[in-house]
There are 2 protein chains.
Amino acid sequence: MVYWIILPADPPSDTSRPRNAAHTRVAILNAARTAFARQGFEAAGVREIAASAGVTAALVIRYFGSKENLFVQAVVQNFSVVGLLEGERARLGERLARYVLQKESEAGGSLHPLLALLRSATNEQAAALLRTGLDAQFIGPLAAWLGGPEAEVRAGFIAATLLGLTAVRSVLQSRALFTADTERLLAFSAPVLQGYIDGPDIS
Amino acid sequence: MVYWIILPADPPSDTSRPRNAAHTRVAILNAARTAFARQGFEAAGVREIAASAGVTAALVIRYFGSKENLFVQAVVQNFSVVGLLEGERARLGERLARYVLQKESEAGGSLHPLLALLRSATNEQAAALLRTGLDAQFIGPLAAWLGGPEAEVRAGFIAATLLGLTAVRSVLQSRALFTADTERLLAFSAPVLQGYIDGPDIS
DNA sequence: TTCTAATGTAAACAAACGTTTACTTGCTGC
DNA sequence: GCAGCAAGTAAACGTTTGTTTACATTAGAA
């Protein structure tokens, strides 16, 4: 018991955290995002998410009602394209390509948001939830930004390209794209993406 | 009971099948391919595969040793790019695009082979198996066919594009690409794929 | 300081999973 | 015709899953 007094006031930021529903909620959401990105909707367990947030599974259910609802709040409502749209139009293709080609370690310390989407897209339950989110928060805004009659199809192809690259590189880790250096992959993919952005309409 | 006698001699082609290990094996493999394509490696259950093949789960394990081994024999050793490589080089992009854009109903009656790959790629156990299969049966042969110093990267991008399209269309069923007609999608994607095939090398 | 509502936990639930064991059924070579 | 082995099944095993129930603890207002 004495050891508790000797330890610093806020040691590993989890063990001695005072009871605080708001902080706990955030901790659970962060743990869930990481777990869903690493393992997908099905494989990620409520007990494991709870443990890595420093609580128990029962509390997670108490706060979010169900695993499905936790997924919605942690992942579906949490990826967006709007940040990438800032900047000159002629280089949007490059920004998008860099967005998916950067190593996980470079992605702001956390795992790539697209990973959670991709790793969970195969579960029918999660896919139904993601369907809405992808249209509302990625394809929709991107299409509106692009403009023109083919905007939706163009945005869809961009999403498909980014997801495909993420799939082959981060999930399947196919040798061809996993070991190649980022700049070379960028040289291939950025023009393609820019082509979807600025290419001519199909009659 | 009388109804059985009235029914034709070989009714649903399953109930009255005589004992035949070879036929049963094939039936299990077919059922497994469909189940893995529809639900992915984890969600597809051995009991369900067995039932749809007209046998019990114990027999499936007896024949294939484990669910993992069943997956290898049903899916991993069963997708290949070689068929698409026949024909003129200038139209390979179009053939590849058609390969993934055709509706499931047009894909020879069965589900698209890429679906099983994609829906199972998120399971770490299955992904490890698919990693080898994708390189050995798709990217490898395609790269050898393409030739040139960048062949592997080009093949990787082609695989990524096809997987991405399949993901957005068949799994996420995003409105933008799900409702658009095949010919328009073909007009967008075929040139991109052909670009990966014939485009200039990156210095 | 005391009391109560909020915060959290331990333990168990029912269902589903892949797999194993022991058993029954039926085709086939002698 | 009949043994023997292959083909197939029923039932259970041990885990793991998301979720529920009943209980403990602590923070904060009175």
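Values below: every heavy atom of this structure, side chains too, minus hydrogens, waters and symmetry copies. Chain letters run A, B, ... following the sequence lines, proteins first and then strands; every chain starts at 1.
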Output the single nucleotide from dT19(C), dG8(C), dA7(D) whose closest atom is nearest the side chain of Ala21(B). dA7(D)

Between dA27(D) atom C1' and Asn20(A) atom CG, what is the distance in whole Å? 10 Å

Find out whether the Lys NZ or Arg CZ of Lys67(A) is both under 6.0 angstrom from the six-membered ring centre of Phe36(A) and within 45° of the ring's axis. no

Check the distance between dT19(C)'s C1' and Glu48(B)'s CD and give it to me in whole angstrom. 17 Å

May I have the distance from Phe36(B) (atom CZ) to dG18(C) (atom C1'), rounded to whole angstrom? 12 Å

Among dG18(D), dT21(D), dA10(D), the nucleotide that comes nearest once only the side chain of Ala58(B) is considered: dA10(D)

Does the salt bridge (charged side-chain N to carboxylate O under 4.0 Å, His left out) test come out yes or no for Glu152(B) and Arg175(A), once each step is laid out? CA-CA 9 Å; Glu152(B) 279 242 321; Arg175(A) 189 166 41 87; 3.3 Å; yes

Close side-chain approach of Ile139(B) and Phe157(B), heavy atoms under 4.5 Å: no

Nearest-Å distance for atom pair CG/C1', residues Leu59(B) and dG18(C): 15 Å

Rounded to whole angstroms, how far apart are OH on Tyr63(B) and P on dT19(C)? 17 Å

Among the nucleotides dT19(C), dA7(D), dG18(D), which one has an atom lying closest to any side-chain atom of Val46(A)? dG18(D)

Whole-Å gap separating C1' (dG18(C)) and CG (Leu70(B)): 12 Å

Measure from the side chain of Ile61(B), starting at C-beta and using heavy atoms only, and say which of dT19(D), dT7(C), dT19(C) lies closest. dT19(C)

Side chains of Arg25(B) and Gln73(B), donor plus acceptor under 3.5 Å: yes

Reckon Ala44(A) touches a base, only the sugar-phosphate, or nothing at all at heavy-atom distances under 4.0 Å? sugar-phosphate

Regarding Ala43(B), tell me which of base, sugar-phosphate or nothing describes its non-hydrogen contacts under 4.0 Å with the strands shown. nothing

Using the side-chain heavy atoms of Thr24(A), tell me which of these nucleotides is nearest: dG8(C), dA10(D), dT19(C). dG8(C)

Minimum-distance nucleotide (side-chain atoms of Arg47(B) versus dG8(D), dA12(D), dG18(D)): dA12(D)

Atom CZ of Arg62(B) to atom P of dA10(D): distance rounded to whole Å? 14 Å

Starting from C1' on dG18(C), measure out to CG on Asn123(B) and report it in whole angstrom. 13 Å

Just compare dG8(D), dT9(D), dT9(C) and give me whichever is closest to any side-chain atom of Thr56(B). dT9(D)

Lys67(A) side chain, from C-beta outward: closest of dT7(C), dT19(D), dA10(C): dT19(D)

Is it the case that atom CZ in Arg91(B) sees more than 12 heavy atoms from other parts of the structure closer than 6.0 Å? no

